[in-house]
Amino acid sequence: MDYVLSISIFLFVLFFLLGSGVWVGLALMGVAWVGMELFTTRPVGDAMITKIWSSSASWTLTALPLFIWMGEVLYRTRLSEDMFKGLSPWMARLPGGLVHTNIVGCTVFAAVSGSSAATLTTVGKMSIPELNKRKYPQRMVIGTLAGAATLGLMIPPSLTLIVYGVTVNESITKLFFAGILPGLVLAGMFMAYVAIQSLVSRDWNPTPEPRMSFVEKLHNSRFLIPVLLLIAVVIGSMYFGWATPTEAAAFGVIGALLLAAGQGSLNWHTFTQSLMGATRTSAMIALILGGAAFLSLSMGFTGLPRGLADLIAQMGLTRFELLMVLLIFYIVLGCFLDGISSVVLTMAVVEPMIRQAGIDLIWFGIFIVVVVEMAQITPPIGFNLFVLQGMTNHEMGYIARAAIPMFLIMVVMVFVLIGFPELATWLPDNLR
C-alpha cells in the first residue's frame, strides 16, 4: 500500500475538518470514517459503534470525570485565598519573594486538580492582584503563572496521564507516581529562575513584606492544612494500595465537598455549577477519546501505524534522535491542538515506534506530558495564554513573550528526563 497516499488523505481530511471549525472529537471520527470507507470492506457504522462503546465503557476512565469534578468544586472555594495566606510568610524571605507563591501554589493545587486551566484560574485569581499591589514585575507574575500552571498536567491526579494510560493500556497508578519527582524538579527549576531573575533584574523593587516571627508563620500555615489533608488522602490511598485511581478520585470528590462545606462555600448554586462544569469538560474529553479510538481502529486496518514504525526503524534513528524528532513534532502540533487531543490523536502511530525503539512507556508518558505542557503556553492555541488574557486584559503577544522563559525551562526539562530517566521510573518501580 502507498503509505504516502494514505497519510496525505488522512491529513487532508483532518485539517479540512479542524479548519472548518468542527469539534476535535467529530473531526477524528470523520477522518476515521473516510479511512474505513477507502481502505477496508468492513461495514463502517458497525465498527464505529462497537469501538466507541468499548473504549468508553472503561472502569479506569471513571477516574477522569471524578477528578475533574473535584477540581471544579475546589475552584469555587476560598482555597486560593487560604493558600496565599499560608504560603506567603514562608516565601517572602526567599530571593524572588512572593512570586514563588505562584509556583508553589500551582504545585500544591496541581496535586488536587488534574487540570492546568483550573490550577491557573484558582491560583491566579488570588495571586495576581496581591503581587500587583506589591509592585512585582508584571511580566514575571504572568510568566511564572503561565508556566507553573502546566504542572497540573504532570503532578497527580493528571487528566493527561489518565488519558495517556487508557490509550496505551498502562497502569494509571504507576503513571501518577512517575509524574511526582519530575513535577517537583520542574517546579524547582521555575523557582531557581525566579531567584536568579530577582538578583539580576533592575526593575525588581517590590514592596517589602512585614517581618513575621516563626510562631506567626506557623499560625498562618493552618490555612494549608485542609488542602494538604486532601492531597494525603488522594495520593496516600493509592500509594498504600488502599484504593485504585477511580476510588481515590471518589475520596477526593467527597473531601473537596467537605472542604467547601467547611469553608461555607458550598451551596446549591456552587454544587450545580461545579457539576455542570465537570460534565461539560468530561463530555468533551470523552468525545475526543471516542473519536481517537475509532481513528486508531481505522488506521489499524490501513496498516499505517505499523508501516510508519517499520519505516522509522529502517531509517536507523537512535533512541535520542527519535525523541528529538518527536519533541519537535509535538511542539509544532501543540501550536494547533490542546494536550489531550495531541496525545490521543498521535498515539496510534507513535506507540508502535516507541515499543520498537525499546523506550519505557511509563517514562514516555512523562516525556509526552512535559512536551504537551509546552503546548499550553505556545500561541496561537495555548490555552493558558487565553485564560491569562481573560484575567489580566493584556495582549496575547505580551503574555506569550512573558511565558517564553518557562517554555525554554521545559525544553531543558526534556533533556534532564532523557539524561536521568530514573527521575520518572524510580518511584513506579519501587512502589509497594
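Owing to the predicted nature of the structure, the values given are computational and were not obtained by experimental measurement. Nothing fancy with the numbering, it's 1 onward along the sequence.
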K.L.:
Return the set of residues passing side chain to side chain donor-acceptor pair (under 3.5 Å) with Thr270 (not counting sequence neighbours), or none when no residue passes.
P.N.:
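Per chain and number, Thr270 pairs via side chain to side chain donor-acceptor pair (under 3.5 Å) with Asn267.
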K.L.:
May I have all residue pairs that pass ring-ring contact (aromatic ring centres under 6.0 Å, His included) and include part of residues 151-173, sequence neighbours excluded?
P.N.:
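For residues 151-173: none.
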K.L.:
Among residues at least two apart in sequence or on other chains, which ones pass ring-ring contact (aromatic ring centres under 6.0 Å, His included) with His394?
P.N.:
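Here the qualifying residues are Tyr398.
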K.L.:
Does anything in residues 168-189 form a side chain to side chain donor-acceptor pair (under 3.5 Å)? List the pairs, not counting sequence neighbours.
P.N.:
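Output for this query is empty, none listed.
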K.L.:
Inspect the surroundings of CZ in Phe329 and state if more than 12 heavy atoms from other residues, nucleotides or ligands are less than 6.0 Å away.
P.N.:
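Above 12, so yes.
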K.L.:
Tell me which pairs pass side chain to side chain donor-acceptor pair (under 3.5 Å) where either residue lies in residues 93-105, with sequence neighbours left out.
P.N.:
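Output for this query lists Asn102-Ser127, Asn102-Thr144.
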K.L.:
Is the closest side-chain heavy-atom distance between Ile354 and Leu326 below 4.5 Å?
P.N.:
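Result yes, sub-4.5 Å side-chain heavy-atom pair found.
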K.L.:
Identify, with sequence neighbours excluded, every residue that meets side chain to side chain donor-acceptor pair (under 3.5 Å) alongside Arg139.
P.N.:
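Here no residue qualifies.
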K.L.:
Who are the ring-ring contact (aromatic ring centres under 6.0 Å, His included) partners of Phe364, not counting sequence neighbours?
P.N.:
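Phe367.
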K.L.:
Partners of Glu72 by salt bridge (Lys or Arg N to Asp or Glu O under 4.0 Å), sequence neighbours excluded?
P.N.:
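Salt bridge (Lys or Arg N to Asp or Glu O under 4.0 Å) list for Glu72, sorted by chain: Arg76.
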K.L.:
Not counting sequence neighbours, which residues clear side chain to side chain donor-acceptor pair (under 3.5 Å) with Arg319? List them please.
P.N.:
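So Arg319 forms no side chain to side chain donor-acceptor pair (under 3.5 Å) with any residue.
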K.L.:
Using a distance-only test with no angle check, is there a side-chain donor-acceptor pair under 3.5 angstrom linking Ser282 and Trp69?
P.N.:
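Judged by distance alone, the side chains do not pair up.
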K.L.:
Strictly distance-based, threshold 3.5 Å: is any side-chain N or O of Thr150 a donor or acceptor partner for the main-chain N or O of Ala146?
P.N.:
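A pair under 3.5 Å: no.
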K.L.:
Applying salt bridge (charged side-chain N to carboxylate O under 4.0 Å, His left out), which residue pairs with at least one partner in residues 224-233 are found, sequence neighbours left out?
P.N.:
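Sorted pair list comes back empty.
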K.L.:
If you look only at distance, which donor and acceptor atoms sit under 3.5 Å apart when one is on a side chain in residues 188-199 and the other is two or more places apart or in another chain?
P.N.:
unit_1	atom_1	unit_2	atom_2	d
Ser198	OG	Gly96	N	3.1
Ser198	OG	Ala195	O	2.7

K.L.:
Below 3.5 Å, can you tabulate the donor-acceptor pairs from side chains in residues 175-184 to any protein atom, sequence neighbours excluded?
P.N.:
none

